[in-house]
Every structure is written in structure tokens, then in C-alpha cells.
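The structure under discussion appears below in the form of C-alpha cells.
Only heavy atoms go into these numbers, but all of them, side chains included; no hydrogens, no water, no symmetry mates. Both ligands and their constituent atoms are indexed starting at 1 by order of listing.
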Amino acid sequence: SKNISSEGDKLKEELIQTLPQEKDWVGSTLYQYQGFWYPFFAPKAVIAFQNHFKAHESDIFLITMPKSGTTWLKALIFSIVNRNQFPPTQSPLLVTSPHELVPFIDLDIYSKNQTPDLENETFPNPRIFATHTPHGSLPSSILESNCRIVYLCRNPLDQFISEWHFIVNHFPINEHVRPISIEEGVDKFFKGIHAFGPFCEHVLGYWRMSLESPERVLFFKYEDLKEDISSNLKKLADFLGYPFSEEEMRQGVVEGISELCSFETLKNLEVSKTGKSDVRFKNSAFFRNGKVGDWINFVNPLIADRMVQLFEEKLGNAGLKF
Ligand code: A3P
């Protein structure tokens, strides 16, 4: 079986080398697969995920474009689902990165093992996984099952600026390449050439699914969570099938979870400041300033106008406003 799997690996590598390529913002390779651009480490994992993943009805998928607040929503979903086992003062989140508690199914799991065992006590039901994989490339098993999908998106200008900081400061930089300027980044962004881009198509795939199947896909905006965490947490808990009881609301359980998962609390934990739970990034890389509208400090108004226009055309026309 070792031979078969290394044969399969070779075929996958060969397939990946035939995909269109571009350079990302720091000079490493992006591969275009099924219409979207993937960082060099992703295609093999995504293909294995597509080919082998078997969904459970109780699975919960958190799906995002990178830098949309994935870390935050990982913490929130974990806390909602496990609140009877771990009250906030004993939460594993106090000592463990949300990325360890809710792994990326493709980038963390299938990247290490093409046929992982996901049917054991390491992954108790409901299994909670995250992914950045676009709607059109999800394994059919997910589309056919009744599992829940929570999609989180963010104002594209803020997503872009957050991504720019993340890549320039935390990506494995090729020493011979000058990191890209914001203006050059915008050019690539317009062409959809950035990790898991094009942005609008990624968002629209899940936006449409949420309109067609609201019982399966809950669509959130980062800005809405920022504005009103309590009522959105209740909405999230209802959607996941873990509604807060009257008694819990009286006891302040909703506020307790919001507090525990807030930017300030998570960022200042020892595990966030010094830990490294992922082979690629330090935990601290996932906490910058967590603000709405920070793009204004980095993008000049002319460029911002062009971007806003694009988003208006593509997203606004589909009913999505930021
Ligand atoms: P900024 O770079 O704008 O600060 P992701 O988790 O998808 O990688 O997204 C990271 C972005 O979410 C970063 O945005 C980060 O600071 C912000 N973030 C991380 N944890 C957060 C939290 N608990 N509440 C709000 N924003 C958070």
C-alpha cells in the first residue's frame, strides 16, 4: 500500500506541475486549480481532501477567505459547542491556539497524511473543521450531507490589508525577493491573484449557497460580529443546534464566551504571544489589531475607490454590501 500511495503522490505532484502558476506577493508560487489561486503548500492537500473526505451529518465547517477572522470564529464555535464540558475559566483556549483546537482540514490534516483516520476519539462528534477551499471545490460528500457550514467574510479592503501584513511579515520569504508594495498587491488582487482568490468569487459561491440553503449555510460578516457579538453568538448557537437556554442567558454565558474569544483576551494569552502551533506561522501572526476600517491607513483614496467600485459591481449587485 506504501507503493500505491507514493504512486498516487507522484501523480498528484505531476498534476500540480501542469497547473497555471503565478508568483504571490513575496515571490513564492501560486497554483491555479479549479479557478482559484492556491499557495504552494495547498493544492496537494486540497486534492486529497476532495478525493477522500467523508462528511458526517453532525460536522461543522468554518469556511473563510484567509484573514477574515477565522481565528476568532474558530474560538467562538469551539466555545459554543464545548461549553458544558469547559466553562470559560477552564477553557482549553486559555492555553491552546484556536488553530490547534479547530484544524484546517486540508492545510493541517490532509497536508500531513493523504488518508488520515478521522473516525477516532481525536475527532469526537461534532467534528469542527476549517477550510479556505472555495465552494466549487468542496468534496461532494460535504455538499450531499446535511452538515453545517459557517462562512465568514470581511470587508475586502480590510481583508486585503490584513493579508498584506500577514504575508509581508510572516510568510516564508524568499530572501532574494523584495516583498511587494501595496500598489502592486492591489494589481494582483484585481486579477484575483492572491491566496484563495479571486476574493469576490470565493465570497459569492458561499453567499449564493447561504441564500439557497439557509439551514445549511450561515453567512457572517466580520463587521457584524464586531458590532453586535451577543446577538450574533445566539444566532450562531441556534444555527449549530446548540441554542443558549434562558438560564444560560441569565447567567451571562453568552457574554462569558464573547469575552473569552475577544481580540484583547486571545491576543494577550501566553500561548498567543509565544506559541507556535502550526509548522508555518507563529500564533502571534494571527493577531494584529483586529479593527474595522484599518485599510484607510494604508490604501490611497484613488486605489480604494477603484477597489470599492469593483466590489460594488460584483458583490453589491448580488446583494452583499460592506
Ligand atoms: P487584522 O490583520 O486586521 O488585525 P484570520 O484569523 O482569518 O487569519 O484573520 C486574522 C485577522 O483577524 C487579523 O486582522 C486579526 O487581528 C483578526 N483577529 C484575530 N483574532 C480576533 C478576535 N478574537 N477578534 C477580532 N479580530 C480578530
Side-chain angles (χ1 to χ4, degrees), residues 25 39 41-42 61-80 88 91 93-94 96-108 128-134 150-171 182 185 189 194-197 199 202-203 206 219-230 232-233 236 254-269 271-273 275-278 280-299 322:
W25 301 351
F41 50 78
F61 273 88
L62 163 58
I63 310 186
T64 60
M65 272 301 269
K67 305 297 119 199
S68 301
T70 323
T71 314
W72 187 14
L73 204 47
K74 280 183 174 186
L76 291 171
I77 293 178
F78 179 87
S79 300
I80 288 177
S91 174
L93 279 165
L94 295 168
T96 320
S97 160
H99 294 291
E100 255 178 81
L101 297 170
V102 179
F104 287 104
I105 180 74
D106 33 22
L107 306 181
D108 291 330
I128 314 172
F129 296 121
T131 183
H132 299 310
T133 296
V150 181
Y151 187 81
L152 177 66
C153 75
R154 186 176 189 187
N155 177 313
L157 280 148
D158 279 338
Q159 189 272 346
F160 168 76
I161 283 303
S162 180
E163 173 112 33
W164 184 80
H165 281 99
F166 186 77
I167 290 192
V168 168
N169 295 321
H170 302 288
F171 240 56
I182 288 183
F189 194 88
H194 56 104
F196 302 93
F199 182 97
H202 197 285
V203 173
Y206 288 103
F219 192 95
F220 269 141
K221 290 185 204 157
Y222 181 91
E223 296 74 23
D224 293 342
L225 294 186
K226 273 271 175 187
E227 192 175 297
D228 182 356
I229 186 71
S230 290
N232 282 308
L233 260 195
L236 177 60
V254 178
E255 289 72 19
I257 292 178
S258 320
E259 188 88 355
L260 170 68
C261 301
S262 72
F263 179 76
E264 287 70 28
T265 307
L266 291 186
K267 181 188 168 97
N268 290 312
L269 294 172
V271 61
S272 306
K273 290 198 264 191
K276 189 168 185 222
S277 44
D278 180 284
R280 291 177 291 271
F281 308 111
K282 290 190 224 146
N283 293 343
S284 59
F286 294 94
F287 304 94
R288 193 177 61 96
N289 64 18
K291 291 202 173 115
V292 172
D294 190 44
W295 64 265
I296 206 146
N297 299 311
F298 299 94
V299 185
F322 285 94

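At least one N or O atom of Gly290, backbone or side chain, sits closer than 3.5 Å to an N or O atom of ligand 1. Considering backbone and side-chain N/O of Thr70, one or more are found under 3.5 Å from N/O of ligand 1.
Under the 3.5 Å distance criterion, the side-chain polar atoms of Lys67 are left unmatched by any main-chain donor or acceptor of Phe160. Judged purely by atom type and a 3.5 angstrom limit, Ser272 uses its side chain to pair as donor or acceptor with the backbone of Leu266. In this structure, Asp106 contributes its side chain and Ala42 its backbone to no donor-acceptor pair below 3.5 Å.
Both the backbone and the side chain of Phe286 come within 4.0 Å of ligand 1, counting heavy atoms alone. With a 4.0 Å cut-off on non-hydrogen atoms, Ser68 touches ligand 1 through its backbone and not its side chain.
Phe129 and Phe61 have tilted rings, their planes meeting at an angle from 30° to 60° on a 0 to 90° scale. Between Phe41 and Phe281, the angle of the ring planes goes over 60°, which puts this pair in the perpendicular group of the 30/60° scheme. Ring geometry for His165 against Phe298 counts as perpendicular: the plane angle is over 60°, on a 0 to 90° scale with 30° as the lower cut.
If you check each of Phe281, Phe160, Tyr222 against atom 17 (C) of ligand 1, the one with the closest non-hydrogen atom is Tyr222.
The six-membered or imidazole ring of His194 lies away from that of Phe199, with a centre-to-centre distance of 6.0 Å or more.
Using a 4.0 angstrom heavy-atom cutoff, His165 does not count as in contact with ligand 1. Using a 4.0 angstrom heavy-atom cutoff, Arg154 counts as in contact with ligand 1.
Shown in contact with Ser262 at under 4.0 Å from a heavy atom are these atoms of ligand 1, numbered in order with element: 23 (N). Of all the atoms in ligand 1, the ones that sit under 4.0 Å from a non-hydrogen atom of Phe287 are 16 (O), 19 (C), 20 (N). Listed by number with element, the atoms of ligand 1 under 4.0 Å from a non-hydrogen atom of Asn289 are 3 (O), 4 (O), 16 (O).
Atom 13 (C) of ligand 1 has as its closest protein heavy atom Ser162 OG, 3.7 Å. At the shortest separation from atom 23 (N) of ligand 1 among protein heavy atoms lies Cys261 O, 2.9 Å. Distance from atom 27 (C) of ligand 1 to its nearest protein heavy atom, with residue and atom name: Phe263 CD1, 3.6 Å. The shortest contact between atom 12 (O) of ligand 1 and any protein heavy atom is with Gly69 CA, 3.9 Å. Scanning all protein heavy atoms for the shortest distance to atom 8 (O) of ligand 1 gives Lys67 NZ, 2.6 Å. If you check which protein heavy atom lies closest to atom 16 (O) of ligand 1, you get Arg288 N, 2.9 Å. Atom 6 (O) of ligand 1 has Thr71 OG1, 2.5 Å as its closest protein atom, hydrogens excluded (heavy atom only). Looking only at heavy atoms of the protein, atom 24 (N) of ligand 1 is closest to Trp72 CD2, 3.2 Å.
A side-chain contact (heavy atoms from CB on, under 4.5 Å) with Val150 is found for one member of Leu73, Ile63, Ile128 and no other, namely Leu73.
Proximity of Phe219 to Val203: side-chain heavy atoms (C-beta onward) are separated by under 4.5 Å at one or more points.
For Glu255, the CD atom sits in a packed shell: over 12 heavy atoms of surrounding residues, nucleotides or ligands are nearer than 6.0 Å.
Checking His99 against Lys74 by side-chain atom types alone, a donor-acceptor pair falls below 3.5 Å.
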